[in-house]
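Residue numbers start from 1 in every chain, and the chains themselves are labelled A, B, ... in the order their sequence lines are given, proteins ahead of strands.
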Number of protein chains: 2
Amino acid sequence: MNNSRIIYKVVRAYYEDRLTQQEIGNKYGISRIKVWRLLSKALNDKIVEIKINTPAETNHSLEQQLENKYGLKEVVVVKTESDSQNDVVASIGQAGASYLLKILEGDESLGISWGRTILALVNALHNSNLPNLKIIQMIGGLGYPEEELSGTELTRRMANALNATPKILNSPGIVATSTTCKALKSDPQVSSILKMAKKSSISLVGIGHFSTELGSKKLNSILSEKDIETLGEKGAVGDISLRFFDKEGQFIKDGINKRVVGLTIDELRNIPRRIAIAGGKHKLTTIKAALKGELINILITDKNTAIELMK
Amino acid sequence: MNNSRIIYKVVRAYYEDRLTQQEIGNKYGISRIKVWRLLSKALNDKIVEIKINTPAETNHSLEQQLENKYGLKEVVVVKTESDSQNDVVASIGQAGASYLLKILEGDESLGISWGRTILALVNALHNSNLPNLKIIQMIGGLGYPEEELSGTELTRRMANALNATPKILNSPGIVATSTTCKALKSDPQVSSILKMAKKSSISLVGIGHFSTELGSKKLNSILSEKDIETLGEKGAVGDISLRFFDKEGQFIKDGINKRVVGLTIDELRNIPRRIAIAGGKHKLTTIKAALKGELINILITDKNTAIELMK
DNA sequence: AAAAAATATGTATTTTTGTTCAAATGTTTT
DNA sequence: AAAACATTTGAACAAAAATACATATTTTTT
């Protein structure tokens, strides 16, 4: 057998099956020393890579200050490498993943929304084994389904990583007319998931930034121009699972609410532990609003945002 | 010192600095056996993770058939796990990364475009050390600059991973008027980068799929509706670095070409080694067209696409 | 505060891994 | 085809890591 093929078998046997070099040698009929040489080569050629997961450094005093100021159950403040949106998202995603793994008991329901930050969290999750945990998609599909960050994909991937059960909401997140929406909501498949979502003990959401300008690309492809206009006029600054609110965190009443397939704002607010994961400069006003409206009670954010929130 | 802090020091010392457990024990004043226990714990708690990079399996006979049929310099055909766009992109990205590392001599210029597939490639790159390599951004910034897949970000990240020199094109990829475009192109900063790009010995591009329908979201946010309409009328099926072509791979002449800050189609075609990385069902026609027009001469794709291309 | 239980630590021993060196095999040059 | 050179191989040894077991320390319970 060719070296280049056997090296992968050896590497697997050593690191995954935890056999000794001698055992591997016997198994494949090569000398122990050759096994060792293949393993060295693998390390050298980066066929195996060793990754050290340094935990995000947190800032305890800021966390407590924020908890007190806004009356939150828990706050996680991570120091970020740089202020670039990419870094911030990756860091809070990682911190969010650790936090989640820490608090999950294994026998509960977790409703999740969607977005870049949640994607980062999912990417940072280590594999775990929580077979009695349900991951529930709280909002219908948004964006393009082939995208990594579609709610469905995120739900599936998260459930996969945790070895939990995914509960997929088989519906678009927002539809053209309230009639369609009603019809969907009365569909047994959809309604059963929404019922479950409503009873979740924990929710995990991103906080969407709203602006009538370009730049809020996320929404541009989802909402019509007219929707954006009316929401803007009514003072929307952001959304959680497509429920929009103004800068005081007050819910915005609008026809759009009758076209969203997902939990209502009250149902969202009724979930006992509501984790939001959001950070970055441009989200400051929106996060503040969500806190004021008590839409969430657990916040995972970056240090800069935390400092600004304390001002 | 607290366990939870020292464990990271120990892990670093062991895996990064390659000290023995005894040496680490002496260094931090703890017993060798305790060092061992910390290391076990680290492994258990996934503070260290061991990643095995299985190379993408390739299909040699298909590769050769494609090389012959289309007269290509080289073809890489990867087997993918599933047909989902995510999987395909990740797999060809990985294969592209290996291919690139294999062919790079270390003393050349590599022009790159942008897109999801190139992002996947960059993500799959191992760190390397090619200080004499230049990574040149061939097309101005597109999409939202804070996005991971902006050309600038990709160029920077790739250069970073390879320890090469990034050459950033400080300009939008497409502008509103040909006058602006001319002005930009005459800017010394921009023109010097474009000159370098033109002389690259290798180019690495994605193949953009064009359609007048929704779904081609990539372009929707970049081109105006009018642009899309006229391109559609002229039979555009795709683009490479925003140079559009029809289903025969023939370049589409249109006013839009005077508004693109990037290499011209001829300049692109003059680069000796033109690597395209693209796959997935919906890109079939577009890839075929690019091959017919000899816009590329090296192709990295997935098995399904390869089979379809052979029909 | 004493007893019980759980957790942490260290010594001694066994097992596994890493290194050296000389012989064997393969490759290139003349 | 022989010589010169490079590469691969495995036995023997040295070094390091893993385990078992006994003891000490801390935490929890009574």
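C:dA8 atom P lies 14 Å from atom CD1 of B:Ile30, rounded to whole Å. Going from atom CZ of B:Arg18 over to atom P of D:dA17 covers 11 Å, rounded to whole Å. Atom CD1 in A:Ile6 sits about 15 Å away from atom P in D:dT8, given to the nearest Å. Put simply, NZ on B:Lys34 is 14 Å from C1' on D:dA24, counting in whole angstrom units. Atoms NZ (B:Lys41) and P (D:dA17) sit 20 Å apart, rounded to a whole Å.
Annotation: B:Lys46, atom NZ; neighbour count of heavy atoms from other residues, nucleotides and ligands within 6.0 Å is above 12.
Proximity of B:Ser31 to the phosphate of C:dG10: a side-chain N or O atom is located under 4.0 Å from OP1 or OP2.
The closest side-chain donor-acceptor pair between B:Asn127 and B:Asn163, if any, does not fall under 3.5 angstrom.
With hydrogens and angles disregarded, a donor-acceptor distance shorter than 3.5 Å links the side chain of A:Tyr70 to the backbone of A:Leu309. Between the side chain of B:Asn297 and the backbone N or O of B:Pro272, at least one donor-acceptor pair lies under 3.5 Å.
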Using residues 105-112 of chain A as the side-chain source, report each donor-acceptor pair under 3.5 Å to any protein atom, sequence neighbours left out, with the distance given to one decimal.
residue  : atom : partner  : partner atom : Å
A:Glu108 : OE2  : A:Glu105 : N            : 2.4
A:Glu108 : OE2  : A:Gly106 : N            : 3.0

| request: Summarise how protein sits on nucleotides 14-21 of chain C as a single string, 5' to 3': B when a protein heavy atom is under 4.0 Å from the base, S for sugar-phosphate-only contact, - for no contact. | output: --SBBBB-
| Is there a side-chain contact (heavy atoms from CB on, under 4.5 Å) between B:Ile271 and B:Lys198 once you walk through the steps? | CA-CA 7 Å; B:Ile271 293 172; B:Lys198 197 160 62 181; over 6 Å; no
